[in-house]
Amino acid sequence: MPDYTALAQRACAARAAAAACLSRNAGRHGGGVSGGVRASAAVARRRALALLAPLRRRLDAEDERAFGESIDRSLEALLPVLGPAFGLVVVLFGFWDVWIDPVPAGPTLQVRLALVLAGALGYGRFPLGWTVFARCVLVYGTHAGAMVAAAAMLDGGLALALPGIAASMFPLALVEPRPRRCLAAILPPALLLAALAAWTLPPKLVVNSLFLFALALALACAVAQTQGRLRREAFLAQKALLHAWRHDSLSGAMSRSYLTETAMRDLILARRHGRPLAVAMLDIDHFKRVNDCYGHEAGDAAIRVLVATCNAAMRGSDYVGRIGGEEFVCVMPETDAAEALACAERIRALVEAQRLPVAGGTLRFTVSLGVCVLDARHPDWDALLREADGALYQAKSGGRNRVVLAAPSGPVFPAENS
Ligand SMILES: Nc1nc2c(ncn2[C@@H]2O[C@H](COP(=O)(O)OP(=O)(O)OP(=O)(O)O)[C@@H](O)[C@H]2O)c(=O)[nH]1
């Protein structure tokens, strides 16, 4: 029976300690009214952040890095197309200069051409070799800068060209959805615009132009933010799909298709470099009995334990995949027959030593393994697997709970208690 009096006394003491701590903090931060104002500001900030949460889709650090790399890859592919298209538009706007004011149209065309040519260095990876983001800043900065500078050379041209200059921010916001980076690219031509507007336009027009530009900038940032959120969601969905395709949902082992794809690549590499590669095909012994005696949940638990055991017994570069109900294949690159047999025996012994608490008792089970090492007799992955399957069949028919090497004179590891 709990001592309720003692519990109540402890609760009162805890409340008093918390109140003392709060009043100490209030004193430290100015206390009184200003402490209260600060607390409500913090609450308001928390509420605002909660409201904005759907817009601020956050990924963990690893996903954010992979997401950034995917954005960089798409930028890398788009820059050689969008960059020259933007450059062409900037140069063709020379006709607009002629229409607005033919006198300075020659010099404005020279400015446009010079800046576009300078920016063209960033269209491809060469000759600068900069990161794609740095090249994006160079291309956008010079091209938008050319529009700003040429418009400023015309009488009242900056105010007239403002919609065109502002519109150029939106394609950027679509291809670079990370708002800070987007802003970093927009900032240099925006500062140029502010400086030249202040210099060439009457004060009212300066205020008007800057206000409209700020409005367009805010909209472009909102586009980048929304685009970023949508693309992050698409990135996560794609990652989940890929994971589901690559892994068995029950055991976490590789799926059959992903295992085959990965193993075929390793097999080609092993053959090319003359390196050894071994596979072990394994199958739980009398698994039907496990299911019948302890139920399917216990059978599922045995499958998960088997995969965890394989992963624990193998090197980090080895991998295991599920190719059937209770049939698995371990692939061991850079592994010769002796090492593969030792690893397979380790798996067999570890599984045999397991005691799995399940409903209705403690489950013990064993596995049989057929090991095969890649050699000239195996033209492809299927041939290697066929031979490992043959060795597994021998292990089963030889009494189960054992390892057999797929070679006529290959060593066999009989189980101690089989
Ligand atoms: N619990 C569970 N059972 C499965 C799963 N996949 C296949 N099985 C069962 O695995 C059993 C396979 O039995 P068999 O192919 O007859 O082989 P076995 O009883 O292991 O006998 P041997 O392989 O000859 O030792 C069947 O009863 C399947 O229902 C699974 O994901 N979970």
Side-chain angles (χ1 to χ4, degrees), residues 240-263 278-314 318-332 340-341 343-372 382 384-406 410 412-418:
L241 256 179
L242 200 63
H243 190 271
W245 176 76
R246 285 179 168 176
H247 296 91
D248 165 43
S249 59
L250 172 66
S251 62
M254 283 179 167
S255 65
R256 185 177 187 136
S257 36
Y258 186 43
L259 175 90
T260 307
E261 186 185 303
T262 314
V279 298
M281 189 181 280
L282 46 102
D283 183 292
I284 301 180
D285 297 328
H286 299 304
F287 194 50
K288 194 170 174 336
R289 264 193 238 160
V290 172
N291 276 329
D292 292 346
C293 295
Y294 296 94
H296 266 257
E297 269 184 28
D300 290 351
I303 285 179
R304 280 193 287 265
V305 163
L306 174 64
V307 170
T309 307
C310 290
N311 282 325
M314 295 188 303
D318 303 342
Y319 43 92
V320 55
R322 187 177 186 182
I323 59 163
E326 20 70 277
E327 252 188 2
F328 293 82
V329 170
C330 297
V331 182
M332 297 169 267
L341 278 171
C343 182
E345 173 56 18
R346 219 165 29 241
I347 293 172
R348 188 205 63 73
L350 281 170
V351 170
E352 191 184 24
Q354 289 282 348
R355 302 286 179 269
L356 203 60
V358 291
T362 303
L363 171 60
R364 296 170 58 182
F365 65 101
T366 57
V367 279
S368 300
L369 299 98
V371 175
C372 186
D382 286 338
L384 187 62
L385 220 51
R386 245 191 327 272
E387 210 156 316
D389 194 25
L392 174 62
Y393 180 78
Q394 283 177 41
K396 288 274 182 189
S397 51
R400 294 181 174 79
N401 190 22
R402 64 190 54 216
V403 179
V404 171
L405 180 67
V412 177
F413 285 96
E416 281 168 17
N417 320 326
S418 62

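Numbering of ligands and ligand atoms starts at 1, following listing order. The first residue of the sequence shown is numbered 1, and numbering continues consecutively from there.
- Ligand 1 has a nitrogen or oxygen under 3.5 angstrom from a nitrogen or oxygen of His296.
- Other residues, nucleotides and ligands contribute only 12 or fewer heavy atoms inside 6.0 Å of the CZ atom of Arg289.
- Between the side chain of Arg400 and the backbone N or O of Ser368 there is no donor-acceptor pair closer than 3.5 Å.
- Proximity to Gly325 (heavy-atom distance under 4.0 Å) selects the following atoms of ligand 1: 6 (N), 7 (C).
- The N/O atoms of Ile284, backbone and side chain alike, include one that comes under 3.5 Å of an N/O atom in ligand 1.
- When atom types are taken as modelled, the side chain of Ser255 and the backbone of Trp245 share a donor-acceptor pair closer than 3.5 angstrom.
- By the 3.5 Å distance cut-off applied to N or O atoms, Phe287 is counted among the residues near ligand 1.
- Of all atoms in ligand 1, listed by their number and element, those nearer than 4.0 Å to a heavy atom of Asp283 are 23 (O).
- Taking CG of Asp389 as the start and CE of Met281 as the end, the distance is 4.5 Å to the nearest 0.5 Å.
- Interface of Leu250 with ligand 1, defined as ligand atoms under 4.0 Å from a residue heavy atom, comprises 31 (O).
- Of all heavy-atom pairs spanning Phe328 and Ser251, the tightest one is CE2-OG, 4.1 Å.
- Using a 4.0 Å cut-off to heavy atoms of Gly299, the atoms of ligand 1 that qualify are 1 (N).
- When the heavy atoms of Asn401, Asp300, Val367 are ranked by distance to atom 32 (N) of ligand 1, first place goes to Asp300.
- Contact between Glu327 and ligand 1 is absent, with no heavy atom of the residue lying under 4.0 Å from the ligand.
- The distance from the CG atom of Leu306 to the CD atom of Gln354 is 9.5 Å, given to the nearest 0.5 Å.
- Of the protein's non-hydrogen atoms, the one nearest atom 9 (C) of ligand 1 is Asn291 ND2, 3.3 Å.
- Residue His286 places at least one N or O, backbone or side chain, under 3.5 Å from an N or O of ligand 1.
- In Lys396, the part holding a heavy atom less than 4.0 Å from any atom of ligand 1 is the side chain.
- Looking at Arg322, Arg400, Glu326, it is Arg322 that brings a heavy atom closest to atom 5 (C) of ligand 1.
- Ligand-side atoms of ligand 1 in range of Ile303: 30 (C), 31 (O), 32 (N), range being under 4.0 angstrom from any heavy atom.
- Heavy-atom proximity to Asp285, at under 4.0 Å, picks out these atoms of ligand 1: 25 (O).
- Looking at atom 16 (O) of ligand 1, its nearest protein heavy atom turns out to be Lys288 CD, 4.2 Å.
- Expressed to the nearest 0.5 Å, how far CG of Leu259 lies from OH of Tyr319 amounts to 6.5 Å.
- A 6.0 Å sphere centred on OH of Tyr393 holds no more than 12 heavy atoms belonging to other residues, nucleotides or ligands.
- A salt bridge does not link Asp382 to Arg386: none of the charged nitrogens lies less than 4.0 Å from a carboxylate oxygen.
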Could you walk me through whether Asp285 and Lys396 pass the salt bridge (Lys or Arg N to Asp or Glu O under 4.0 Å) test, one step at a time?
CA-CA 8 Å; Asp285 297 328; Lys396 288 274 182 189; 2.9 Å; yes
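- Remark: atom 14 (P) of ligand 1 lies closer than 4.0 Å to no protein heavy atom.
- Of the possible donor and acceptor atoms, one in the side chain of Arg322 sits under 3.5 Å from a partner among the backbone N and O of Gly325.
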